[in-house]
Structures are given as C-alpha cells and as structure tokens.
Student: 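The structure follows.
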Amino acid sequence: AAVDPERVGVIFGSGIGAVLLMLAWAGRLLWLPAIPLEQAVVAHIHEEPEHLLAKSASPDEDVAGLVQALGGRLEGGLDRVRYAGICKIGRHPGGHLVLSGAIAPVTVLILPHEPVAVRRVFASGALHGVIVPAGGGSLAIVGAADESLDELAARLQAAIRWPRAG
C-alpha cells in the first residue's frame, strides 16, 4: 500500500500543532500571574461560607494537630475556635479556623506558603482583614469592621510557633 505524502503531512502537522497548543495552554496555567493574596483570602472565605455557621467548639488538640500538620506548633490554646480544618488555599494547603468574635465570626487562614514582609490591611465589602507575617508564611484574619483584628493577630502570632529557617 502506498503512503500518501500529503496525508502524512496533515496527520503529522496536526499532531505537532496539538502538542504545541497543549504546551502553550499548560505554560499559560503555570505562568499566570497569581491573584493578590487579599483576593485569594476573600475568595476562599466565599467558597466555604458554611464554616462561618459552625457553632460547636473545636478541641484544642484538634487545633494543635492542624497547626502541626502545617509545620508549626501551637503554644497554649486558642479561645472560641468554632471550626478548624485544612484546605487548599490558592496553590497550597493552609489552615482554616473560625473563631467567635466580639461582633461576628472571625476567619483565620494560616498560610505557611504565602510569605509577607509587613502587615497588610484590606477590605472587601463587609469583610475587613489584616495579613501579618508568621514564620516563613502569613496569617490572614478577617472579620467585621469593628472587630479587634490586630489584637487577635498578635495573639495568634504569639501562639503559633514556626521552626527557624536555616
């Protein structure tokens, strides 16, 4: 049977074209600019609103286990934790806590793979937040406008210990 050179060129050419298209698409996914951390935090809270409704207390040992699974150590307990879980936040696992605030529930995201150099403040609709350095990563604390987020951030930074780099 004779091989038609034009047909081989079309099949080979379309195969190369498909591979190049797949590589371009995969490269776009890998090199897409990451959304700002503040936006990722708010998006995550909106993706899991049911955690804000949790009413039962999470035992200190559950919270300590969560922090340990993320590479840190909890010194003492955290008061009023209503939800504690590990979630994929952005591209990495992180801790998701909901605490009873003075006004409304407060979300705390433990982000060991998202370093920040300085305290960052943000707002999105009714949500107000602060992101603070924590070890090689950060903590995002988000709640109502009148909630004492800086006070909670300082308590969390003191309670969660991270191994020293080096």
Side-chain angles (χ1 to χ4, degrees), residues 26 28-166:
R28 182 168 181 247
L29 287 178
L30 292 173
W31 288 291
L32 275 177
I35 64 171
L37 184 54
E38 295 83 354
Q39 287 180 12
V41 166
V42 171
H44 186 77
I45 293 169
H46 287 305
E47 288 170 6
E48 300 183 345
E50 67 277 8
H51 299 320
L52 293 170
L53 303 175
K55 298 288 183 202
S56 61
S58 291
D60 286 344
E61 54 271 6
D62 289 356
V63 179
L66 177 145
V67 172
Q68 185 175 6
L70 295 170
R73 185 178 77 251
L74 183 64
E75 292 185 352
L78 295 177
D79 295 334
R80 304 173 306 193
V81 177
R82 298 170 17 171
Y83 171 79
I86 293 182
C87 307
K88 185 173 182 189
I89 304 169
R91 295 183 183 188
H92 302 284
H96 187 154
L97 306 176
V98 175
L99 287 73
S100 297
I103 298 167
V106 175
T107 298
V108 175
L109 299 182
I110 303 168
L111 306 164
H113 302 285
E114 297 290 346
V116 297
V118 296
R119 174 183 174 272
R120 293 158 52 172
V121 177
F122 65 95
S124 178
L127 297 176
H128 295 263
V130 60
I131 300 174
V132 295
S138 58
L139 298 170
I141 299 94
V142 183
D146 294 333
E147 203 69 61
S148 298
L149 301 180
D150 284 321
E151 181 183 313
L152 180 55
R155 281 185 30 229
L156 289 162
Q157 285 176 305
I160 300 173
R161 294 292 175 203
W162 301 97
R164 296 188 192 272

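All values reported here derive from a predicted model rather than from experimental measurement. Note that these values count all heavy atoms, side chains included, but never hydrogens, waters or copies made by symmetry.
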Student: For residues 95-118, dump all side-chain donor-acceptor pairs below 3.5 Å to protein atoms at least two apart in sequence or in another chain.
Tutor:
unit_1, atom_1, unit_2, atom_2, d
His96, ND1, His44, NE2, 3.1
His96, ND1, Glu48, OE1, 3.1

Student: With rounding to the nearest 0.5 angstrom, report the CD1 to CG distance, Ile141 to Leu156.
Tutor: 5.5 Å

Student: Scan the side chains in residues 69-77 for donor-acceptor partners under 3.5 Å anywhere in the protein, sequence neighbours excluded, and list what turns up.
Tutor:
unit_1, atom_1, unit_2, atom_2, d
Arg73, NH2, Glu75, OE2, 2.5

Student: At their closest point, which heavy atom of Leu66 faces which heavy atom of Ala84, and how far apart are they?
Tutor: CD1-C, 3.8 Å

Student: Test: side-chain hydrogen bond (donor to acceptor under 3.5 Å, both in side chains). Region: residues 59-69. Which pairs qualify, not counting sequence neighbours?
Tutor: none

Student: Could you state the interatomic distance from CG (Leu78) to CZ (Arg80), rounded to the nearest 0.5 Å?
Tutor: 10.5 Å

Student: List for me each residue that meets side-chain contact (heavy atoms from CB on, under 4.5 Å) alongside Ala134, sequence neighbours excluded, and say none if there are none.
Tutor: Leu139, Trp162

Student: Does any pair with a residue in residues 120-133 pass salt bridge (charged side-chain N to carboxylate O under 4.0 Å, His left out), and if so which ones, sequence neighbours excluded?
Tutor: Glu38-Arg120

Student: Please, which pairs that meet salt bridge (charged side-chain N to carboxylate O under 4.0 Å, His left out) have at least one residue in residues 143-155, sequence neighbours excluded?
Tutor: Arg119-Asp150

Student: Ala126 and His128: which non-hydrogen atoms are nearest, and at how many Å?
Tutor: O-CD2, 3.4 Å

Student: Could you tell me if the side chain of Leu52 sits less than 4.5 Å from the side chain of Tyr83, heavy atoms only?
Tutor: no

